[in-house]
Student: 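This structure is in structure tokens; I'll ask about it shortly.
Reckoned from all heavy atoms, side chains included, excluding hydrogens, waters and symmetry mates.
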Amino acid sequence: MPLIIIFFIWYGIYGRNNPKIYSKLHNKLGWVIAICILFGGLSGFSSLFGGLLAVSIVIAFFGAPIWLVAWLIARSSKGKAKAKQDDYSYYKQHYSQPSENKGTTVTGLTRAVPKRRKIIQKFNQKYDLYLTDEEINRIVDASYMSNCWEREILDMDQKYDTISQWYRGDSAWLRAYLHAFPVQNVTSDFESQRSICLDTFYQVFSEIDPGKYESVESCVREINHRFMTNFDDITFSVAHRFLADNGYKFELPHFDVRGVKSDIDRLKDKYDQETAGSGSRSGYEKMRQR
């Protein structure tokens with residue numbers, strides 16, 4: 001039984017906070033418990049045959065895995081620490097700090113893999129995003145290496161009156177991308193994700209040429225029809241601003257009032273030109289009196 005207790009302590013502290021370990025064990029906990037009970041029974045049975053056999057079984061089935069797990073944890077933690085350090089300067093520059101930092105993470109987000117996954121799944125469903133299970137798992141995995149992805153999950157756990165409030169901040173480009181595109185390319189590297197969003201927005205805007213449309217609404221309708229997307233006026237504005245900030249300036253849709261006349265106005269001008277100099281009344285006025 002002590003082996004089961006030690007396993008659950010290890011799993012609670014390390015296992016469920018490591019996405020790779022959690023993905024391998026969370027569906028197999030029943031088997032692990034059964035094995036622990038079996039090994040515990042063997043250890044108790046072996047005590048009848050002498051202390052040497054008991055020590056051998058403990059070393060073989062208990063000591064070796066603990067050392068292996070400790071080595072894996074130390075190895076993976078070193079890599080994560082380096083990745084987090086590389087990402088932290090970008091995080092400090094582009095994200096405001098949370099009001100209260102609770103816990104052991106930079107943002108105060110829970111360390112548990114299932115809780116992080118549940119936050120994304122709930123937000124994904126509530127606001128009709130298009131994240132697949134694979135993409136959700138990728139974001140969860142990335143959050144253990146990237147402070148920025150960690151913060152994205154934290155912000156998904158906040159309360160919003162409307163989804164428009166979620167677009168606030170320097171990562172609005174990412175959030176508009178996640179909401180507007182049904183087929184997405186999600187990567188663990190945050191800078192690479194920024195490049196993906198920039199390239200995707202540029203492709204849409206360069207092909208659609210927003211300046212030729214009379215309104216944002218008509219332009220958005222055409223974008224959604226042509227690319228099968230879910231843009232609205234807010235995500236359109238976010239994408240346009242993001243492109244402009246990165247040197248890609250596209251003319252906004254506008255209604256050109258110059259030369260825009262009704263059929264009556266054009267008919268009046270025609271008769272005025274035809275009867276120019278024929279009297280004080282315009283040709284249009286004479287026509288109406290006929």
Student: Using a 3.5 Å distance criterion without hydrogens, assess whether the side chain of Arg175 forms a donor-acceptor pair with backbone atoms of Trp166.
Tutor: yes
Student: Side-chain donor-acceptor pairs under 3.5 Å in residues 230-241, sequence neighbours left out?
Tutor:
from	atom 1	to	atom 2	distance (Å)
Asp232	OD1	Ile234	N	3.1
Asp232	OD1	Thr235	N	2.8
Asp232	OD1	Thr235	OG1	2.8
Thr235	OG1	Asp232	N	2.8
Thr235	OG1	Asp232	O	3.2
Ser237	OG	Asp233	O	2.8
His240	NE2	Phe250	O	2.6

Student: Would the distance check show the side chain of Asp209 and the main-chain N or O of Phe205 forming a donor-acceptor pair, the cut-off being under 3.5 Å?
Tutor: no
Student: Is any side-chain heavy atom of Glu135 closer than 4.5 Å to a side-chain heavy atom of Leu129?
Tutor: no
Student: Measure the NZ-CG distance between Lys122 and Asp157 for me, rounded to the nearest 0.5 Å.
Tutor: 7.5 Å
Student: Closest heavy-atom contact between Glu150 and Thr107?
Tutor: OE2-OG1, 2.7 Å
Student: Would you say Asn124's side chain and Leu131's backbone share a donor-acceptor pair under 3.5 angstrom?
Tutor: yes
Student: Is the number of heavy atoms from other residues, nucleotides or ligands under 6.0 Å of Gln165 CD greater than 12?
Tutor: yes
Student: Any donor-acceptor pair under 3.5 Å linking the side chain of Glu222 with the backbone of Ser218?
Tutor: no
Student: Any chance you could measure Ile120, atom CD1, to Lys115, atom NZ, to the nearest 0.5 Å?
Tutor: 15.0 Å
Student: Before giving the answer on side chain to side chain contact (heavy atoms under 4.5 Å, CB included), spell out for Asp155 and Arg151 the whole-Å C-alpha distance, their side-chain angles and the decisive distance to 0.1 Å.
Tutor: CA-CA 6 Å; Asp155 286 349; Arg151 179 58 185 271; 3.0 Å; yes
Student: Apply side chain to side chain contact (heavy atoms under 4.5 Å, CB included) to Val113 and Tyr144, showing your working.
Tutor: CA-CA 9 Å; Val113 173; Tyr144 289 89; 3.2 Å; yes
Student: For residues Leu109 and Ile119, determine if any side-chain heavy atom of one lies less than 4.5 Å from a side-chain heavy atom of the other.
Tutor: yes
Student: May I have all residue pairs that pass ring pair (Phe, Tyr, Trp, His ring centres under 6.0 Å) and include part of residues 124-143, sequence neighbours excluded?
Tutor: Phe123-Tyr127
Student: Backbone N or O of Asp133 within a donor-acceptor pair of the Asn137 side chain at under 3.5 Å?
Tutor: yes
Student: With a 3.5 Å distance limit and no angle check, can you tell me whether Tyr177 reaches the backbone of Ile196 through a side-chain donor-acceptor pair?
Tutor: no
Student: We want to know whether Arg116 and Ser143 form a side-chain donor-acceptor pair, criterion being a heavy-atom distance below 3.5 angstrom.
Tutor: yes
Student: Between the side chains of Glu152 and Tyr95, is a donor N or O closer than 3.5 angstrom to an acceptor N or O?
Tutor: yes
Student: Do you know the tightest heavy-atom contact between Cys219 and Pro253?
Tutor: CB-CG, 3.8 Å
Student: Show me the side-chain donor-acceptor pairs of residues 183-190 shorter than 3.5 Å, one per line, residues at least two apart or across chains.
Tutor:
from	atom 1	to	atom 2	distance (Å)
Gln184	NE2	Leu178	O	2.6
Gln184	NE2	Phe181	O	2.9
Asp189	OD2	Glu191	N	3.4
Asp189	OD2	Ser192	N	2.8
Asp189	OD2	Ser192	OG	2.8

Student: Are side-chain heavy atoms of Tyr213 and Leu252 found at a separation under 4.5 Å?
Tutor: no
Student: Salt bridge or not for Glu134 and Arg138, using N-O below 4.0 Å?
Tutor: yes
Student: A quick test of your reading: do over 12 heavy atoms of other residues, nucleotides or ligands sit less than 6.0 Å from NZ of Lys249?
Tutor: no
Student: Among Tyr202, Tyr248, Trp173, Tyr167, which one satisfies ring pair (Phe, Tyr, Trp, His ring centres under 6.0 Å) with Phe242?
Tutor: Trp173
Student: Kindly compute the distance separating OG (Ser146) from CD (Gln193), expressed to the nearest 0.5 Å.
Tutor: 10.0 Å
Student: Using a 3.5 Å distance criterion without hydrogens, assess whether the side chain of Arg226 forms a donor-acceptor pair with backbone atoms of Glu207.
Tutor: yes
Student: Quick check for you: to the nearest 0.5 Å, what is the distance between Ile153 atom CD1 and Lys118 atom NZ?
Tutor: 15.0 Å
